Amino acid sequence: MSEIQTAALICPVRFTEGALKEIRNLLTQRETKANNLLRIGVKGGGCSGLSYILDFDERKPADQEFDCEGIRVIIDPSHALYLAGMEIDYSDGLDNRGFAFINPNASETCGCGSSFSA
């Protein structure tokens, strides 16, 4: 995919300011810059059937790449149905620390907040 096509794709997820700050912080701490693409996806498993993927990775041939608020994001197109319109938040409070996924496509979510069913 060319740079023009990549730039034209609209990011299917939204990040809160807290999530953007934490992701940028994690990017600056990384020793290797070779795979500084943020992979967002889903995989089978978890209490409700599907779990979220949020990790740094290298781009695979089928991946779509997006510029989301200055962060290079990759998503497998087969996961897009589950992710469209999702908001990713980050909290660092005493009782709740980590990324949270607010997904309008989820019909059921688990108490842990990291798994869902659609």
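Keep in mind that what you see is a predicted model, and the values were worked out from it rather than measured.
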Whether the side chain of Asp76 engages the backbone of Gly41 through a donor-acceptor N/O pair (distance < 3.5 Å, no angle test) should be reported.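 Answer holds: no.
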For residues [X] and [Y], report the shortest heavy-atom separation together with the two atoms involved.
| X | Y | result |
| --- | --- | --- |
| Pro104 | Ala84 | CG-O, 4.0 Å |
| Val73 | Cys68 | CG2-SG, 3.7 Å |
| Phe56 | Ile23 | CZ-O, 4.4 Å |
| Leu83 | Val13 | O-CG1, 3.6 Å |
| Pro77 | Asp63 | CD-CA, 4.3 Å |
| Arg39 | Glu58 | NH2-O, 3.2 Å |

Distance, nearest 0.5 Å, that separates [atom1] of [X] from [atom2] of [Y]:
| X | Y | atom1 | atom2 | result |
| --- | --- | --- | --- | --- |
| Leu20 | Asp89 | CG | CG | 10.0 Å |
| Asp67 | Ile71 | CG | CD1 | 9.0 Å |
| Arg14 | Glu69 | CZ | CD | 11.0 Å |
| His79 | Ile74 | NE2 | CD1 | 11.0 Å |
| Glu22 | Glu17 | CD | CD | 13.5 Å |

Query raised in the report: Would you call Lys21 and Tyr90 a side-chain contact if the rule is heavy atoms closer than 4.5 Å?
Result: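 The answer is no; the side chains never approach within 4.5 Å.
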[X]-[Y] co-clustered via ILVMFWY side chain contacts under 4.5 Å:
| X | Y | answer |
| --- | --- | --- |
| Met86 | Phe99 | yes |
| Ile40 | Tyr82 | yes |
| Leu81 | Ile75 | no |
| Val42 | Ile102 | no |

(message) Run Leu26 and Leu38 through side chain to side chain contact (heavy atoms under 4.5 Å, CB included) and show every step you take.
(response) CA-CA 11 Å; Leu26 292 170; Leu38 182 66; over 6 Å; no
Practice task
I would like to know whether Tyr52 and Ile88 meet side chain to side chain contact (heavy atoms under 4.5 Å, CB included); could you show each step before the answer?
Solution key: CA-CA 11 Å; Tyr52 295 106; Ile88 299 174; over 6 Å; no
